[in-house]
Amino acid sequence: MVQATPFLLVLFLALGAHGLAVKKCSLTGRWVNDLGSNMTITSVNANGVFAGSYYTAVSAHSTATNESPPQGSHQKGPNQKNQPTFGFTVNWSFSDSITVFTGQCFVDDDGKEVLKTMWLLRSRVENIKNDWKATRVGTNVFTRLQSQE
């Protein structure tokens with residue numbers, strides 16, 4: 001039994017270390033949020049800058065099905081972690097408004113990637129007296145859409 005102890009210890013540590021590996025969260029791909037809006041991030045360059053397409057499911061405008069491209073970046077460099085922070089802007093192609101999102105890419109307990117975001121939507125108003133109603137704030141959770149193959 002004494003000779004088996006080092007072997008069992010090494011086996012236990014090897015199996016336990018496998019469970020400690022943190023899956024990296026990647027922004028690239030297709031996402032849907034809790035309101036049904038769809039976003040695709042086509043690529044992230046070496047500097048962390050990304051672009052893609054965004055189709056909102058919520059809008060006061062009847063032409064909201066038009067694509068509005070997001071432009072953003074995520075944390076890069078020596079402090080980059082497996083679950084990066086990011087930010088992006090969507091300049092809505094169908095209205096005089098713009099939304100900025102900030103958030104973090106997480107891997108949940110089930111191994112699924114989730115984007116937790118907070119946003120500010122700024123709409124154009126006719127004059128400074130109406131400025132009080134021009135900005136809205138909210139949150140969205142995006143989950144990865146699996147490809148239909």
Side-chain angles (χ1 to χ4, degrees), residues 10-149:
V10 170
L11 180 63
F12 174 76
L13 290 173
L15 292 174
H18 174 69
L20 295 176
V22 177
K23 182 179 175 187
K24 184 173 180 166
C25 193
S26 172
L27 293 177
T28 305
R30 295 175 54 227
W31 301 89
V32 63
N33 72 18
D34 46 323
L35 298 174
S37 298
N38 287 277
M39 175 175 64
T40 300
I41 298 175
T42 52
S43 65
V44 179
N45 74 17
N47 295 321
V49 176
F50 62 86
S53 61
Y54 195 109
Y55 294 90
T56 185
V58 293
S59 176
H61 300 275
S62 61
T63 58
T65 56
N66 293 342
E67 175 187 353
S68 296
Q71 296 181 338
S73 65
H74 78 79
Q75 174 190 19
K76 292 296 285 183
N79 295 324
Q80 181 182 1
K81 306 296 181 203
N82 289 329
Q83 301 184 110
T85 56
F86 61 88
F88 64 92
T89 301
V90 180
N91 187 350
W92 302 108
S93 61
F94 53 84
S95 72
D96 290 336
S97 61
I98 194 164
T99 303
V100 292
F101 290 80
T102 187
Q104 187 169 352
C105 189
F106 289 103
V107 178
D108 70 13
D109 293 339
D110 296 325
K112 295 180 181 174
E113 294 167 296
V114 176
L115 306 180
K116 297 279 286 185
T117 66
M118 176 170 262
W119 51 263
L120 290 171
L121 172 104
R122 177 64 189 211
S123 298
R124 185 177 100 33
V125 291
E126 294 300 322
N127 56 55
I128 198 166
K129 292 178 188 174
N130 290 325
D131 183 61
W132 66 271
K133 64 180 180 179
T135 303
R136 298 177 187 177
V137 63
T139 60
N140 284 123
V141 176
F142 291 82
T143 54
R144 185 175 294 285
L145 279 172
Q146 300 303 319
S147 61
Q148 304 286 326
E149 296 179 40

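Keep in mind that the numbers below use all heavy atoms, side chains included, and drop hydrogens, waters and symmetry copies.
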Less than 3.5 Å apart, which donor and acceptor atoms pair up between the side chains of residues 133-140 and the rest of the protein, not counting sequence neighbours?
residue : atom : partner : partner atom : Å
T135    : OG1  : R122    : NH1          : 3.2
N140    : OD1  : W119    : NE1          : 3.0
N140    : ND2  : D34     : OD1          : 3.0

Problem - Chi angles and distances behind the side chain to side chain contact (heavy atoms under 4.5 Å, CB included) call for W132, V125 - result: CA-CA 9 Å; W132 66 271; V125 291; over 6 Å; no
Could you check if a side-chain atom of [X] sits within less than 4.5 angstrom of a side-chain atom of [Y], using non-hydrogen atoms only?
X: T40; Y: Y55; answer: no
X: L145; Y: N38; answer: yes
X: F106; Y: C25; answer: no
X: R144; Y: S26; answer: yes
X: S97; Y: L121; answer: yes
X: Q71; Y: F88; answer: no

Could you grab the distance from atom [atom1] of [X] to atom [atom2] of [Y], nearest 0.5 Å is fine?
X: T56; Y: W92; atom1: OG1; atom2: CH2; value: 4.5 Å
X: L120; Y: T89; atom1: CG; atom2: OG1; value: 10.5 Å
X: M118; Y: Q104; atom1: CE; atom2: CD; value: 14.0 Å

Least distance between heavy atoms, [X] atom then [Y] atom:
X: V107; Y: Q83; value: N-OE1, 2.5 Å
X: N33; Y: L35; value: OD1-N, 2.8 Å
X: S68; Y: N91; value: CB-O, 3.9 Å
X: Q146; Y: R30; value: O-NH1, 4.1 Å
X: A57; Y: S37; value: N-OG, 2.8 Å
X: E67; Y: S93; value: O-OG, 2.9 Å

Handout entry: Other residues, nucleotides, ligands: >12 heavy atoms within 6.0 Å of N127 CG
Key =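 Atom CG in N127 is crowded, with more than 12 foreign heavy atoms closer than 6.0 Å.
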Practice task
Using the side-chain contact (heavy atoms from CB on, under 4.5 Å) rule, pick out the option among L27, V32, L115 that qualifies with M39.
Solution key: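 It is L115; the other options fail the test.
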Practice task
Answer yes or no: is there a donor N or O on one side and an acceptor on the other, between the side chain of D108 and the main chain of D110, under 3.5 Å?
Solution key: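 Indeed, once roles are kept as given, a pair shorter than 3.5 Å links the two residues.
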